[in-house]
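In what follows, a single structure is set out as structure tokens and then discussed.
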Protein chains: 2
Amino acid sequence: MNDTLVKKFSNRDLKPTAMRILVLRFLMEQTKAISLSDLELAFERADKSTLFRTLKTFEQSKLVHSIEDGTGHLKYALCLEECNCSAVDLHYHFHCIKCKETYCLTNLNIPTIDLPKNFEMQQANMVVKGLCANCNH
Amino acid sequence: MNDTLVKKFSNRDLKPTAMRILVLRFLMEQTKAISLSDLELAFERADKSTLFRTLKTFEQSKLVHSIEDGTGHLKYALCLEECNCSAVDLHYHFHCIKCKETYCLTNLNIPTIDLPKNFEMQQANMVVKGLCANCNH
DNA sequence: TAAATCTTTGCAATCCAGTTGCAAGCATAT
DNA sequence: ATATGCTTGCAACTGGATTGCAAAGATTTA
């Protein structure tokens with residue numbers, strides 16, 4: 001197990017079980033957000049519920065965040081190292097309506113949004129939809 | 001059937017069937033986005049699939065737009081009269097994590113978002129989450 | 001007016017992602 | 001080594017979304 005992985009687990013106070021190591025490594029290889037079924041395909045030997053719970057554990061520990069991109073399937077992507085999943089850590093996501101892939105736009109934080117009186121923002125799910133570079137010819 | 005209703009249907013080239021009139025009227029009474037199950041509760045006599053298809057028809061005709069607020073249930077809300085459901089018509093939504101209600105923030109359009117090269121925005125699903133005024137004490 | 005056609009509705013069934021209960025396996029602490 | 005607790009796998013369930021099909025209703029055509 002390499003150093004980056006070890007660090008990610010210890011940073012978040014998570015025990016690095018075999019399954020978690022595999023899943024985290026897989027997540028680190030992705031450039032896109034993945035769904036539970038993507039994970040099932042990648043790990044045919046592992047049980048769906050285990051993968052599900054692994055993702056949920058990661059989410060709770062703020063190792064990953066989930067995105068509702070409108071496909072009906074939740075997708076997950078690695079958080080940045082310092083991420084605390086609070087409002088300031090939020091970024092936009094992009095969902096390609098052609099290839100159905102979902103990308104984190106981590107370079108751009110979401111602005112302060114002018115809410116009605118006494119409304120308080122804590123989280124956000126921001127998904128821009130359209131065509132990604134690959135599909136946009 | 002009142003004038004506003006008639007106009008909404010004719011604007012969108014939709015036949016005003018009994019069911020559609022009831023559903024549209026119901027939607028117009030709402031201050032919040034509603035889910036299919038909300039609609040089922042409101043119209044116990046009507047069949048789920050009919051309500052479902054009515055919503056889908058309305059959505060296609062741009063009479064309503066759908067919102068994924070993160071509850072797992074799609075919600076629907078009336079579009080503004082001139083809405084074309086294109087990028088310029090998009091607005092934020094607010095989902096209260098306590099009372100689970102979802103509001104359209106129609107007073108605020110979403111800004112232009114700086115996308116990676118060759119990415120093209122067409123739609124968006126923007127949901128701010130937190131506490132609404134009622135739940136925020 | 002009747003027949004043919006198209007649309008809408010209701011019922012029943014299906015799909016499938018997400019989720020849970022339970023028991024077995026594994027790791028850690030006593 | 002024994003007890004305790006977390007993790008995993010299996011199987012089953014849940015519930016929203018969706019579809020096929022036939023009946024009912026509306027519209028057009030002859």
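Quick caveat, the model's predicted, so the values are computed rather than measured. Any value given below was found using the heavy atoms of this structure, including those in side chains, with hydrogens, waters and symmetry copies removed. Chain letters run A, B, ... following the sequence lines, proteins first and then strands; every chain starts at 1.
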- Item | Separation of T54(B) OG1 from L39(B) CG (nearest 0.5 Å) | 8.0 Å

- Rounded to the nearest angstrom, tell me the gap between atom CD in Q60(A) and atom P in dT7(D). 11 Å

- Item | Heavy-atom neighbours of K56(A) NZ exceed 12 at 6.0 Å | yes

- Item | Short side-chain N/O contact from T17(A) to OP1 or OP2 of dT8(D), under 4.0 Å | yes

- Task: Please state how far atom CZ in F58(B) lies from atom C1' in dT9(C), giving the value in whole angstrom units.
- Result: 14 Å

- Item | Pair F58(B) + Y76(B): ring centers closer than 6.0 Å | no

- Nearest-Å distance, CD1 (I21(A)) to P (dT7(D))? 13 Å

- Message: Measure CZ/F9(A) against C1'/dT7(D) and give the value in whole Å, please.
- Response: 13 Å

- Task: Take E120(B) and L115(B) through the side-chain contact (heavy atoms from CB on, under 4.5 Å) test and state the conclusion after the steps.
- Result: CA-CA 7 Å; E120(B) 182 194 325; L115(B) 298 174; 6.0 Å; no

- Item | Rounded interatomic separation in angstrom, taking CZ from R20(A) and C1' from dC26(C) | 13 Å

- Query: Hey, are D69(B) and T71(B) close enough side-chain-wise for a donor-acceptor pair under 3.5 Å?
  - Reply: yes

- Task: Report the distance from atom CG of L55(A) to atom P of dG18(C), rounded to the nearest whole Å.
- Result: 9 Å

- Atom CG in D89(A), atom SG in C83(A): separation rounded to 0.5 Å? 4.0 Å

- Task: Could you check how far CD of E44(A) sits from C1' of dT8(D), rounded to whole Å?
- Result: 18 Å

- Query: To the nearest 0.5 Å, how far apart are NE2 in H91(B) and CG in L80(B)?
  - Reply: 7.0 Å

- Message: Generate the contact string for nucleotides 14-23 of chain D. Rules: B means base contact, S means sugar-phosphate contact only, - means no protein heavy atom under 4.0 Å.
- Response: --SBBBB---

- Message: With rounding to the nearest 0.5 angstrom, report the NZ to CD1 distance, K8(A) to I21(A).
- Response: 14.0 Å

- Query: Rounded to the nearest Å, what distance is computed from the NZ atom of residue K15(A) to the C1' atom of nucleotide dA29(C)?
  - Reply: 11 Å

- Task: Work out how much the helix from dT1(C)-dA30(D) to dT30(C)-dA1(D) bends between its end axes, five pairs an end, to the nearest 10 degrees.
- Result: 10°

- side-chain contact (heavy atoms from CB on, under 4.5 Å) assessment of Q123(B) paired with H65(B): CA-CA 11 Å; Q123(B) 290 298 316; H65(B) 58 281; over 6 Å; no

